[in-house]
Amino acid sequence: MNGDRSESSTDFIREAIKEDLQEEKFDHVHTRFPPEPNAYLHIGHAKAIWIDYGIAQDFNGLFNLRFDDTNPVKEEQEFVDGIIEDVRWLGADWDDRLFFGSDYFEQMYEWATDLIKKGVAYVCDLSADEVSKTRGTLTEPGIDSPYRNRSVEENLDLFQRMRAGEFPDGSRTLRAKIDMASPNMNLRDPVMYRILHTEHHRQGDKWCIYPMYDWAHGLEDSIEGVTHSLCSLEYENHRPLYDWFLDQLGIYHPRQIEFARLNLTYTVMSKRRFIELVNGGYVQGYDDPRLPTLAGLRRRGYTPEAIHEFCRRIGVAKTDSIVEVAVLEDCVREDLNKRAQRVMAVMNPLKVVLLNYPEDQVEELDVINNPEDPDAGTRKVPFARELYIEREDFREVPPPKYFRLAPGREVRLRNAYFIKCVDVIKDENGEITELHCTYDPETRGGDAPDGRKVKATLHWVAAQQAVPAEARLYSHLFLKPDPDDVEEGQDFTANLNPESLEVVTCRVEPSVIGAQPGKIYQFERQGYFCVDRDSTPEKLCFNRTVTLRDTWAKIEKSMKNAAG
RNA sequence: UGCCGGAUAGCUCAGUUGGAAGAGCGACUGACUCUGGAUCAGUAGGUCCAAGGUUCGAGCCCUUGUCCGGCAGCCA
């Protein structure tokens, strides 16, 4: 874990565990992350993983990765592979404890039989619709199933025949006999098994009855010897049911503790919505860099360290909360600032011709790779007579407090020379096509021997030597902090940001040639950019992870506000 | 008019066994600077939902109320 800055932070779960250890309810700690393999993981799962894995580490305990694969209709091997990759990428380590709930089906079946023999489980012939109708409501009790008092022998026979495949889907269920009048809906004779003649991704056609989550989950934790089953708030009302099953069976009993799941501003965080966005063509896949999926974040250039730091900062609590994306963005900036090699790239080029620079000369300038990291070394960057600078780094009529290039003004080209603008060239439409400047050979490297200062430093590239590349500039997927904040009759897609992806062709210094997908750079003064897998040997493709903090934009905004 | 949770700074969240109210983000101010977009430092005064109670002492415990969230899949 992140040793140097984690100042032994604690939370209500860690405290509860400490207590359990002191009171000797448990003599060790064993947690697990139990995803269902029916979708890709998102940053909300990362929070859960860091709680599960982080706690196991803090207490020198064990951590399992277990797939909760009890529903063959929705689950696929593709997601198993994707999830394993994501969890490993995040840095959680399950050693050799990779498990599948479906491997326990036989044991679960035996335990179900035990419950039938005990007289606390029965085969019910009601249809799904009838079960629903007889369950009652939040304020009214349900009514007993007419099959509730079948004999143990008949239940045993029927259940065995359910397994043998004698009955069609949905015709019968195995139910726990608890209390149809319980104020907790989960205790109104919940279904334990349903009939599903569907092939399972691991079990094949071995089974045609499948356990419900509520029946299976507690058993899985029990079988694995998990001490603390950490899960989200929505399962709080299910805890009494897990306890009931475990108590009836008389088997090992983990302790469940619930915490609030993560919500983020300007995005959505559910499988269902990801599917809608992908199917609707609003994003290009589950690993679209605009999505908060782990695959998307990874492709965007987020690092495991940044995500870990984010999880540390947001903490663990039971309060429903919506965390600002700005916190996440700040975490990547902090991490990438330390590790990203700096490079210069121009997004929106404006040609600069250095009138007094020799026509065919090209210099190789030594440039520091990362001012934050002395070990990062230096590289060569070509400098020539024709350059590109950022169009917005020049103003013909500079506003107050604008210190960048303007007619007659001198600025520094980062790592190179001072230049002074002597002429502005325009086309017939009055559009500026290029700048004529002079450079001062004495300022090579960026400092003037006579001690004179400039107020701005611009990034640049050599026009001939720079390589064109595609840059994908991402901004928030939604226009509002809460995507569900819509007019009546609309859904969250009404808040989609039409400009969440802007694709431009930029020009980058040649040192990036050959960079592999996943490589992260800081484009100086602009932001962090990550080489995308869509890159080809001919053309690099960059995803903007996040912009740098933009103080100038703030100044500009406040001046506008002051003026308006 | 059921059951289970929650309510702390502008925003988002911490707050260990009850013992002088915290962080981050944002904002503002300043330093520094070859990223005026790196970096660093400082400032922020919130009836800790409300009203009672227990206590020498309560954000933390108890009671009541208010508001918010979850629960009526043969999903997880």
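What you see is a predicted model, and the numbers here were worked out from it, not measured in a lab. Within every chain, numbering begins at 1; the chains are lettered A, B, ... in the order of the sequence lines, protein sequences first and strands thereafter.
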Item to check | Candidate nucleotides B:rA38, B:rC74, B:rA76, ranked by approach to the side chain of A:R135 - the nearest | outcome: B:rC74
Checklist entry - So, are A:E364 and A:K380 salt-bridged, with charged N and O less than 4.0 Å apart? => result no
Checklist entry - On a whole-Å scale, what distance lies between the C1' atoms belonging to B:rA21 and B:rG57? => result 15 Å
Item to check | Gap in Å between the two C1' atoms, one belonging to B:rG42 and one to B:rU47, rounded | outcome: 28 Å
Checklist entry - Tell me: CZ of A:R342 to C1' of B:rU33, nearest whole Å? => result 14 Å
Next on the checklist: Let's see if you can work this out: which of B:rU12, B:rG37, B:rC74 has an atom nearest to the side-chain heavy atoms of A:L548?
Outcome noted: B:rG37
Checklist entry - Within the pair A:N38 and B:rC75, is there a side-chain N or O less than 4.0 Å away from OP1 or OP2? => result no
Next on the checklist: Please report the distance separating the C1' of B:rC67 from the corresponding atom of B:rC75, rounded so that it comes out in whole Å.
Outcome noted: 31 Å
Checklist outcome for this item: Symbol by symbol from the 5' end, with Watson-Crick or G-U pairs under 3.5 Å, [ ] crossing and | another strand, RNA chain B is .((((((..((((.....[..)))).(((((.......))))).....(((((..]....))))))))))).....
Next on the checklist: Whether A:R549 contacts B:rU35 is assessed here as follows: a side-chain N or O lying under 4.0 Å from the phosphate OP1 or OP2. Is that the case?
Outcome noted: no
Item to check | Rounded distance in Å between the P positions of B:rU1 and B:rU17 | outcome: 38 Å
Next on the checklist: For a quick check of understanding: with a heavy-atom distance under 4.0 Å over all strands, which category does A:D447 fall into, base, sugar-phosphate or nothing?
Outcome noted: base
Next on the checklist: Regarding A:A326, tell me which of base, sugar-phosphate or nothing describes its non-hydrogen contacts under 4.0 Å with the strands shown.
Outcome noted: sugar-phosphate
Next on the checklist: Under a 4.0 Å threshold between the charged nitrogen and the carboxylate oxygen, would A:R525 count as salt-bridged to A:E390?
Outcome noted: no
Checklist entry - Using a cut-off of 4.0 Å on non-hydrogen atoms, how would the nucleic acid contact of A:V316 be classed: base, sugar-phosphate, or nothing? => result sugar-phosphate
Checklist outcome for this item: Looking only at B:rC3, B:rC74, B:rG37, the nucleotide nearest the A:R194 side chain is B:rC74
Checklist entry - Is the base of B:rU39 touched by the side chain of A:E372 through a donor-acceptor pair closer than 3.5 angstrom? => result no
Checklist entry - Of all the nucleotides listed (B:rU12, B:rC11, B:rG36), which has the minimum atom distance to the side chain of A:F403? => result B:rG36
Checklist entry - In terms of heavy-atom contacts, does CD1 of A:I368 have more than 12 from other residues, nucleotides or ligands at under 6.0 Å? => result no
Next on the checklist: Once you apply a heavy-atom cut-off of 4.0 Å, does A:S132 come out as touching a base, just sugar-phosphate, or nothing?
Outcome noted: sugar-phosphate
Checklist entry - Out of B:rU35, B:rG26, B:rC75, which has the shortest distance to the side chain of A:R414? => result B:rU35
Next on the checklist: Quick one, A:D69 with A:S102, criterion side chain to side chain donor-acceptor pair (under 3.5 Å). Give me CA distance, side-chain angles, the key distance, then yes/no.
Outcome noted: CA-CA 6 Å; A:D69 54 350; A:S102 55; 2.7 Å; yes
Checklist entry - If you measure from the P atom in B:rG19 to the same atom in B:rU64, how many Å do you get, rounded? => result 25 Å
Item to check | Distance, rounded to the nearest Å, where A:R395 contributes CZ and B:rG36 contributes P | outcome: 15 Å
Next on the checklist: Base, sugar-phosphate or nothing for A:L138? Non-hydrogen atoms, less than 4.0 Å.
Outcome noted: base
Item to check | Ring centres under 6.0 angstrom apart (A:Y302, A:F310) | outcome: no
Item to check | Residue A:E236, side-chain heavy atoms: nucleotide from B:rU1, B:rG36, B:rC4 that is nearest | outcome: B:rC4
Checklist entry - How many Å lie between CG on A:D330 and P on B:rC25, as a whole number? => result 5 Å
Checklist entry - Rounded to whole angstrom units, what separation is found between the CG atom of A:D482 and the P atom of B:rU12? => result 11 Å
Checklist outcome for this item: Of B:rG37, B:rG2, B:rA76, the nucleotide closest to the side chain of A:T70 is B:rA76
Item to check | Distance between C1' atoms of B:rC61 and B:rA9 (Å, rounded) | outcome: 25 Å
Next on the checklist: Please classify the nucleic acid contact of A:F12 as base, sugar-phosphate, or nothing, using heavy-atom distances under 4.0 Å.
Outcome noted: sugar-phosphate
Next on the checklist: Using a 4.0 Å heavy-atom cut-off, does A:N71 contact any base of the nucleic acid, only the sugar-phosphate backbone, or nothing at all?
Outcome noted: sugar-phosphate
Checklist entry - Counting any heavy atom closer than 4.0 Å, what does A:T265 reach on the DNA or RNA strands: base, sugar-phosphate only, or nothing? => result nothing
Checklist entry - Considering residues, nucleotides and ligands other than A:E23, do more than 12 of their heavy atoms fall under 6.0 Å from its CD? => result yes
Next on the checklist: Below 30° counts as parallel, above 60° as perpendicular, anything between as tilted: where do the rings of A:Y40 and A:F79 land?
Outcome noted: perpendicular
Checklist entry - Between B:rC62 and B:rA7, how far is it from one P atom to the other, in whole Å? => result 13 Å
Next on the checklist: I want to check one thing: is the phosphate of B:rG5, taken as OP1 and OP2, less than 4.0 Å away from some side-chain N or O of A:R239?
Outcome noted: no
Checklist entry - What do you reckon, are the aromatic ring centroids of A:F542 and A:F523 less than 6.0 Å apart? => result yes
Checklist outcome for this item: Whole-Å distance, A:L126 CG to B:rA72 C1', equals 15 Å
Checklist entry - Any side-chain N or O of A:R175 under 4.0 Å from OP1/OP2 of B:rC74? => result no
Checklist entry - If you look at every strand shown and take non-hydrogen atoms under 4.0 Å, does A:E524 touch a base, only sugar-phosphate, or nothing? => result base
Checklist outcome for this item: 5'-most contact on RNA chain B (nearest-nucleotide basis), A:Q522 vs A:T173, goes to A:Q522
Item to check | Euclidean distance, atom CZ of residue A:R339 to atom P of B:rA38 [Å, nearest integer] | outcome: 19 Å
Checklist entry - How many Å lie between CG on A:D320 and P on B:rG70, as a whole number? => result 8 Å
Item to check | Intermediate values then yes/no, side-chain contact (heavy atoms from CB on, under 4.5 Å), A:V367 and A:T378 | outcome: CA-CA 5 Å; A:V367 171; A:T378 61; 6.0 Å; no
Checklist entry - What nucleic acid atoms does A:E392 come within less than 4.0 Å of, heavy atoms only: base, sugar-phosphate, or nothing? => result base
Item to check | Phosphate OP1/OP2 of B:rA7 contacted by A:T319 side-chain N/O (<4.0 Å) | outcome: yes
Next on the checklist: Applying a 4.0 Å non-hydrogen cut-off, can you work out what A:M344 is touching in the nucleic acid: base, sugar-phosphate, or nothing?
Outcome noted: nothing
Checklist entry - Of A:E224, A:E220, A:R66, which is the lone residue that meets side chain to side chain donor-acceptor pair (under 3.5 Å) with A:Y104? => result A:E224
Item to check | Heavy atoms of other groups near A:K480 NZ, more than 12 under 6.0 Å | outcome: yes
Checklist entry - What nucleic acid atoms does A:E234 come within less than 4.0 Å of, heavy atoms only: base, sugar-phosphate, or nothing? => result base
Next on the checklist: Between A:G446 and A:L196, which residue's closest nucleotide on RNA chain B lies nearer the 5′ terminus?
Outcome noted: A:G446
Item to check | Nucleotide nearest A:N237 (side chain, heavy atoms from C-beta), chosen from B:rC71, B:rC25, B:rA76 | outcome: B:rC71
Checklist entry - Is B:rG45 syn or is it anti, if syn means the base angle is within 90 degrees of 0? => result anti
Checklist entry - Are the aromatic ring centres of A:F529 and A:Y521 under 6.0 angstrom apart? => result no
Checklist entry - A:M180 CE to B:rC3 P: how many Å, rounded? => result 18 Å
Item to check | Spacing of the P atoms in B:rG5 and B:rG46 (rounded, Å) | outcome: 33 Å
Checklist entry - Under 4.0 angstrom, heavy atoms only, what part of the nucleic acid is A:H459 near: base, sugar-phosphate, or nothing? => result nothing
